[in-house]
Amino acid sequence: MAIERLDDVRMDEIHLTTPVPERGLRALTLGDVVYLSGALYTAREGVYRQVVDKGLPLPPGLADLSNVSFHCSPAASVRPDGSYAVEAVTATASFRFGRSMAAWLERSGAKVIVGKAGLTERAYREWFVPQGAVYLTTVGYGLGATYGRSIRRVLGVHWLEELGIAQALWVLEVDRMGPFLVEGDAEGRSLFALANREINARLAEVYKSLPPPALGRFGEVIVRTDDVV
Amino acid sequence: MGPIPAKVIEETARELTARAAIDIPPDYREGILRARERETGRLSRFVLTEMLANWDAATADRRPMCADTGLPRYYVKLGNEAAVEGGLAALERALRQATAEATAAIPLRPNRVHPLTREDPNTNVGIHAPEITYSVEPAAAWIDVTTVHKGGLFGSDWRMLFPGDGIPGIKRFFVDTLVEGGKRGLACQPAIVGVGIGGAKDTCMRLGKEAACLRLVGSRNPDPGAAALEAELTALGNQIGIGAMGFAGTAMVVATHVELAHTHTGGMPVGIHQFCLSSRRATARIHLDGRVEFRADPAWFTDYYRRPGIE
C-alpha cells in the first residue's frame with residue numbers, strides 16, 4: 001500500500017546487519033522500525049572536514065567493514081589505561097551536513113546515514129538515490145542509554161588527537177542497535193515531509209486567533225508553512 | 001559549625017553531575033506519562049514509550065540518558081547566613097574541578113570547545129564555562145547547588161516586543177517559536193517551555209531558561225496573570241498539531257512556566273526556552289554542618305527571588 005499519510009505507516013520491525021546489502025536497503029519502507037547489528041562509525045563536522053574538505057580517505061579497511069555512518073559522537077572518555085568508555089550515543093542535526101552530503105556519500109561509500117531530523121526530499125532525490133543510500137532517524141532524539149546498551153565494543157577511534165573526543169571518528173561494534181525509523185527511503189521520500197504536510201495543513205487554523213507576528217515589519221516570515229526546515 | 005568545606009561542595013557537585021546526566025527528574029517523568037496518555041499520534045506515542053524505556057535503561061545501567069550531555073552549568077543559591085571555607089573563589093574552583101572530573105568519570109561528552117579554534121580541552125571547563133549563576137536567600141544557613149545540563153541548539157529565541165503587542169503578541173511569538181523548532185523535532189520535544197517576560201533583553205533570556213530548567217512540572221507562578229498565561233500557552237502549544245519528534249500529535253508541551261521582571265516602559269522583551277525530552281537537573285542543599293541533602297526541587301524561584309519591593 002502506498003504511504004500517503006502518517007497513519008498509513010506500518011512500522012514493520014526490520015533487522016539489518018552491516019555492511020547492509022543493496023536489497024536490504026531497497027526493501028525499507030517509510031516509518032519501518034530498524035535495528036542494526038555489526039559495525040558502524042560516527043562522523044560529524046570534524047570528520048567531514050577531513051574527508052570532504054581536505055580530501056583524506058576514510059581510515060583503511062573502514063569502508064569494507066561498514067557502510068553505515070552516524071551523525072553523532074558518543075558520550076565517551078579515554079580511561080587512564082588507554083581503553084575507551086562509550087556509554088551513550090545519540091544523533092546530531094543532519095541538515096548541518098547538507099552541503100557536504102553528496103561528496104560524503106561518494107567518497108565514504110556509506111549507504112545508510114543515521115542522524116537527527118533528516119534532510120529534505122530534494123536532498124534524498126538528488127544525493128541519496130543516485131548513490132543507493134537511505135536515511136534512518138534516531139528516535140526521541142534522546143535514546144542515549146538505549147542505543148549505548150547495544151554497543152559491544154569500540155573497534156577503533158580515528159583522528160582523536162586532532163578532533164577531540166566529541167568530533168573524532170568512532171568505530172563501534174553494535175548488537176541490535178535501535179530503534180531507528182526509516183526517514184528517507186530508496187525512492188527519496190521523507191517521513192518528516194509527510195508529517196510536515198499534515199502539520200502545515202492545520203497551521204492556518206492554529207494562527208486564526210493570533211495577531212500577525214509582532215516583528216513582521218523587520219522581515220520575519222508571515223506564512224509559517226514557508227519555513228525551510 | 002561551618003564554614004562549609006570546599007571539598008564537600010566538590011564531592012556534591014560530582015554526584016549532582018552524575019544524577020543530572022542519568023536520572024530524569026520525577027516531576028518531568030510524570031509529565032511525560034501524562035503526555036503519553038493524551039497523545040493520539042501513533043508515531044508520537046511510539047517516541048514517548050521509547051523515551052520512558054530509555055530513562056529506565058539509563059537508571060539501571062548508570063549511563064547518561066542522552067549522548068548530548070549538554071552544557072553543564074550551575075545555579076547556586078547562597079543562604080545569607082552560610083559561608084564557604086576559602087570563600088566564593090573556592091566554591092567556583094570546586095564546581096569547575098567537579099565538572100572536569102565528572103566529564104571523564106561518567107562520562108559526559110566533552111561538548112565545550114573554543115568558539116573560534118574549536119579546540120576541545122575534553123573537560124567541559126573553559127572560558128566562562130561552566131556558567132555559575134548566583135542568587136541569595138535571607139535567613140538561610142545553607143547553600144543550594146543545582147546543576148542543569150541543557151543541550152540542543154534549537155527551540156530558543158527572543159524578541160523585543162512592545163507594549164502595544166500585548167499578550168496576543170506574546171502568544172504569537174510563542175507559537176512561532178514552537179512551530180519553528182517543532183518540525184522534525186529539532187527542539188527534541190515534548191519540552192518544558194520557559195517564557196521570560198520583561199527585564200532587559202538578557203534578563204528575559206535568563207528568566208526564560210531558569211523557568212524552563214528550574215521549576216517543577218505542575219508548579220504555577222504565584223502571580224495570577226502569569227499563571228493564567230501559563231495555562232493558556234500550554235493549551236495553545238498542544239493545539240498546534242505537532243507531537244513528539246515533529247510527528248503529528250498533541251504532545252508538544254509538557255508544561256509552560258512564565259517568569260516576569262519589571263521592564264522598560266516602552267518595551268516588552270520576551271525570551272523562550274525549551275528544555276528537551278532529556279531534561280537534566282539535580283539539586284543538593286549543603287548545610288553549615290556539612291550535611292548534604294539531595295532534593296527534587298531546586299526551589300530557585302522563591303518569594304525573595306521574585307520580590308517586587310525594596311525588602
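Order of the sequence lines sets the chain letters (A, B, ...), proteins ahead of strands, with each chain counted from 1. Here the structure is a predicted model, which is why all the values come from computation and not from measurement. Both backbone and side-chain heavy atoms feed into the values below; hydrogens, waters and symmetry mates do not.
- You'll find the side chain of B:L43 reaches within 4.5 Å of the side chain of A:L181, heavy atoms only.
- Side-chain contact between B:D120 and A:Q167: absent, with no pair of heavy atoms (C-beta onward) separated by less than 4.5 Å.
- Among B:G243, B:C276, B:G241, the residue with the largest count of heavy-atom pairs under 4.5 Å with chain A is B:G241.
- Between chain B and the residues A:P179, A:A85, A:A93, A:G164, the largest count of heavy-atom pairs under 4.5 Å involves A:P179.
- Contact check for B:R42 versus A:M11: side-chain heavy atoms found under the 4.5 Å cut-off.
- For the atom pair CZ of B:R184 and CD of A:E183, the computed distance is 5.5 Å after rounding to the nearest 0.5 Å.
- Rounded to the nearest 0.5 angstrom, A:L210 CG and B:F173 CZ are separated by 13.5 Å.
- For chain B, the option among A:V206, A:L143, A:I199 with the highest count of heavy-atom pairs below 4.5 Å is A:L143.
- Chain A forms more heavy-atom pairs under 4.5 Å with one residue of B:G246, B:P190, B:G169, B:A57 than with any other, namely B:A57.
- Contact tally against chain B (heavy-atom pairs below 4.5 Å) for A:S209, A:A195, A:A117: the top residue is A:A117.
- Using a 4.5 Å cut-off between heavy atoms, B:L108 touches chain A through its backbone atoms (N, CA, C, O) alone.
- With chain A as partner, the option from B:G182, B:A58, B:P168 having the largest number of non-hydrogen pairs under 4.5 angstrom is B:P168.
- With rounding to the nearest 0.5 angstrom, the CG atom of B:L186 is 5.5 Å from the NZ atom of A:K116.
- Interface summary for chain A: among B:G164, B:S278, B:G185, the most heavy-atom pairs under 4.5 angstrom belong to B:G185.
- Neither the backbone nor the side chain of A:V78 comes within less than 4.5 Å of any heavy atom of chain B.
- In this structure, CD1 on B:I242 lies 6.5 Å from CG on A:L203, to the nearest 0.5 angstrom.
- Between B:K183 and A:N200 the shortest side-chain heavy-atom distance falls below 4.5 Å.
- Other residues, nucleotides and ligands contribute only 12 or fewer heavy atoms inside 6.0 Å of the CZ atom of A:R176.
- The environment of CZ in A:R99 is sparse: at most 12 heavy-atom neighbours from other residues, nucleotides or ligands sit within 6.0 Å.
- Ranked by heavy-atom pairs under 4.5 Å with chain A, the list B:P64, B:G249, B:A60, B:G41 is led by B:P64.
- A:R96 touches chain B through its side chain: at least one heavy atom from C-beta onward sits under 4.5 Å away, while N, CA, C and O do not.
- Looking at B:A244, there are no atoms closer than 4.5 Å to chain A (heavy atoms on both sides), in backbone or side chain.
- Side-chain contact between A:E198 and B:F247 is absent, with no heavy-atom pair separated by less than 4.5 Å.
- Among residue pairs with one or both ends in residues 144-170 of chain A, those qualifying as ring pair (Phe, Tyr, Trp, His ring centres under 6.0 Å) are A:Y84-A:W170, A:Y147-A:F180; sequence neighbours excluded.
- Counting heavy-atom pairs under 4.5 Å between each of B:I240, B:T69, B:I106, B:I170 and chain A puts B:I240 at the top.
- Here A:G142 is the residue among A:G148, A:S77, A:G142, A:G118 with the most heavy-atom pairs under 4.5 Å with chain B.
- By the 6.0 Å contact criterion, CD on A:E162 is enclosed, its count of non-hydrogen atoms from other residues, nucleotides or ligands being greater than 12.
- Only the backbone of A:P74 comes within contact range of chain B, judged by heavy atoms closer than 4.5 Å.
- Contact annotation: the side chain of B:V179 approaches that of A:Y207 to within less than 4.5 Å [non-hydrogen atoms, C-beta and beyond].
- The CE atom of B:M245 sits 8.0 Å away from the CG atom of A:L191 when rounded to the nearest 0.5 Å.
- With sequence neighbours left out, A:R122 forms a salt bridge (Lys or Arg N to Asp or Glu O under 4.0 Å) with A:E126.
- Among all heavy-atom pairs drawn from A:P213 and B:D176, the shortest one is CB-OD2, 3.8 Å.
- Nearest heavy atom pair, residue B:P110 against residue A:A166, reads O-CB, 3.4 Å.
- With a threshold of 4.5 angstrom between heavy atoms, A:S94 does not approach chain B through any atom at all.
- Using a 4.5 Å cut-off between heavy atoms, A:T92 makes no contact with chain B at all.
- The parts of B:E50 that come within reach of chain A are both its backbone and its side chain, each placing non-hydrogen atoms under 4.5 angstrom from that chain.
- The closest side-chain heavy-atom distance from A:Y141 to B:D68 is not below 4.5 Å.
- Under the 4.5 Å side-chain criterion, counting only non-hydrogen atoms from C-beta, B:R63 is in contact with A:R149.
- A distance of 9.0 Å separates OG1 of A:T146 from CG of B:D61, quoted to the nearest 0.5 Å.
- The number of heavy atoms from other shown groups lying within 6.0 Å of NE2 (B:H264) does not exceed 12.
- Contacts of B:L153 with chain A are made by side-chain atoms alone, with heavy-atom separations under 4.5 Å and no backbone atom involved.
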